[in-house]
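Some notes on the structure that comes next.
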Amino acid sequence: MPETAVVWFRRDLRTQDNPTLAAACSADRILPVYCFDPRRYGRRAFGGQASFEYDGIGAGHAQFERESVADLREQFRDAGGDLLVRHGRPDEALPELLERVDADRAHFQTLAIPEERTREHQVREALPDDVTVERHWTHTLHHIEDLPTPYDEIPDTFTPWRKEVEAESRVRDPIDIPDVQRLPGDVPHAGSIPDLDSLGVVGDVPDDDRMPLDFAGGETAAQQRLDEYVWETDSLREYKVTRNGLIGRDYSSKFSPWLNAGCLSPREVYRTVEEYEAERVSNDSTYWLLFELRWRDFFAFQFAKYGGKFFRPGGIRERTDLDWRRDEVDFQHWQAGETGVPFVDAAMRELAATGYMSNRARQNAASFLVHDLGIDWRWGAAHYEHHLLDYDPASNYGNWAYIAKVGNDSRDGGFDVLSQAERYDPGAEYIQRWCPELDGLIGEYAREPWRMDDREQRDRGIVLGEDYPAPMVDPERLRD
Ligand SMILES: Cc1cc2nc3c(=O)[nH]c(=O)nc-3n(C[C@H](O)[C@H](O)[C@H](O)COP(=O)(O)OP(=O)(O)OC[C@H]3O[C@@H](n4cnc5c(N)ncnc54)[C@H](O)[C@@H]3O)c2cc1C
């Protein structure tokens, strides 16, 4: 009897360096499947708590996912195979498909987040006992089994962990694209990719001519971006110097949406960097891109270690001394980019309009919410979750917890947003790009419009409280 394997795609929407797909392809026939799980979209209860509801994955992220699935399907079809698509829970859709093709094995990616883990267990439970299930760890640069210290014993601070991994863990070589054309004889109907309305996502797909990049989902676009950033524009050469930028296409790689949907393998980025180092230059910048990928790994392994503890108000530190405010009006001002602090407002408006923000902007907007407004960090994280095209649970909640000083490396969480603006946006180009009402002001006034007295405000046509919000927080308090 020929062996048949089903591959359930998750956040690994690629054919290159996909160990799950490669393992499945050792069977005689393979059936690849993707499920749009209705539990992921629309209004959700945070950690199952009815008292804390928020809008889950937003339209931008869902559109990116749709495009990524469409691209993967096209690749399978071009190779003579197919990708089946279902709009339904995987633990309901998969057993039926496995039975239909009389599958012997099911292969899927395993992930670190409790909710994602639960989905895996549900699928496993729902499959017949005679089906062999194989789970594959494929989301990170370093394989979980290659960590020098087991994941549940790793240090909670980044630097010792990174040093250990750099010294003692080798990044595995990427795997080539397998032959994916051997579908089972009687293939169930392919199914169509659900539109955004039927997914029930909240909000609109970002469409703004100030987008830093056209973030099209899929492995094809991911490969193009990798090529463009590293080889065509040679931007990698300067990454360490430019990475704190705020405006433009190439100050940072913008790989994150593709990495997190799995359209791009971190190991492939690693290999490309190695090739670039051999062919062009090996410097601080080439090292630093890999350094940042290890931050991404670090948070993934921290979630493997701590699981749901990350989502508690006191985080993995179990802090009980923090009394988070839950003021909806103040929170809405922050969400809307109407705090009266221009650097923060620019960041929040960019997020809403594009689904993307630089790391610098993410840090400052988060720090303002948590340290200057004292609002529950998880509200902010849930807002980012809704808007970010590159939303990754571990990177998002891990970074938020870090900034709120309830997570890893919790010493350095708070930012002085005014000196940050002075340092990273001295001419206020970023501020004026997103807060056009401050256009025409000199840098100092655009960054801190309260420095203008009443007369100057009137003369320049920017009256605080009328043309632009008055600051929500006494500016003196914003300084360290
Ligand atoms: C509050 C907050 C929330 C965040 N939420 C997310 C999120 O949901 N998804 C996400 O991918 N990143 C998140 N980040 C990390 C970081 O801001 C983004 O990864 C980065 O800005 C993406 O742009 P890039 O691909 O051009 O990054 P680059 O600077 O080019 O970095 C290359 C890659 O390294 C990884 N990386 C870089 N910095 C970090 C970091 N601090 N933590 C984890 N990985 C990192 C990313 O995979 C990134 O694509 C968050 C940061 C903060 C402060």
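Both counts, for ligands and for their atoms, begin at 1 and track the order of listing. The residues of the chain are indexed from 1 along the displayed sequence. On a predicted model such as this, the values are computed, not experimentally measured, just so you know.
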- prompt: Checking side chain to side chain contact (heavy atoms under 4.5 Å, CB included) for the pair L293/F298: CA distance, chi angles, key distance, verdict?
  reply: CA-CA 9 Å; L293 284 179; F298 177 66; over 6 Å; no
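Taking a cutoff of 4.0 Å between a charged side-chain nitrogen and a carboxylate oxygen, D390 and R362 qualify as a salt bridge.
By the 6.0 Å and 45° rule, R135 does not stack over the aromatic ring of W137.
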Are any protein N/O atoms closer than 3.5 Å to the N/O atoms of ligand 1? If there are, list each pair with names and the distance to one decimal place.
from, atom 1, to, atom 2, distance (Å)
ligand 1, 5 (N), N396, OD1, 3.3
ligand 1, 8 (O), D392, N, 3.1
ligand 1, 9 (N), D390, O, 2.9
ligand 1, 9 (N), D390, OD1, 3.3
ligand 1, 11 (O), N260, ND2, 2.8
ligand 1, 17 (O), N359, OD1, 2.7
ligand 1, 17 (O), R362, NE, 3.4
ligand 1, 21 (O), N359, N, 3.4
ligand 1, 23 (O), Y356, OH, 2.8
ligand 1, 25 (O), K254, N, 3.4
ligand 1, 25 (O), F255, N, 3.1
ligand 1, 25 (O), S256, N, 3.1
ligand 1, 25 (O), S256, OG, 3.4
ligand 1, 26 (O), S252, OG, 2.6
ligand 1, 26 (O), S253, N, 3.3
ligand 1, 26 (O), K254, N, 2.6
ligand 1, 26 (O), Y356, OH, 3.2
ligand 1, 29 (O), Y239, OH, 2.6
ligand 1, 30 (O), S253, N, 2.8
ligand 1, 30 (O), S253, OG, 2.6
ligand 1, 31 (O), Y239, OH, 3.3
ligand 1, 38 (N), E292, OE1, 3.2
ligand 1, 41 (N), N399, OD1, 3.3
ligand 1, 42 (N), N399, ND2, 3.0
ligand 1, 49 (O), S256, N, 3.3

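Of the N and O atoms on the side chains of N364 and Q420, at least one donor lies less than 3.5 Å from an acceptor on the other residue. With 3.5 Å as the limit, one finds no donor-acceptor pair spanning the side chains of D234 and Y229.
Using modelled atom types, one side-chain atom of R66 and one backbone atom of P194 make a donor-acceptor pair closer than 3.5 Å.
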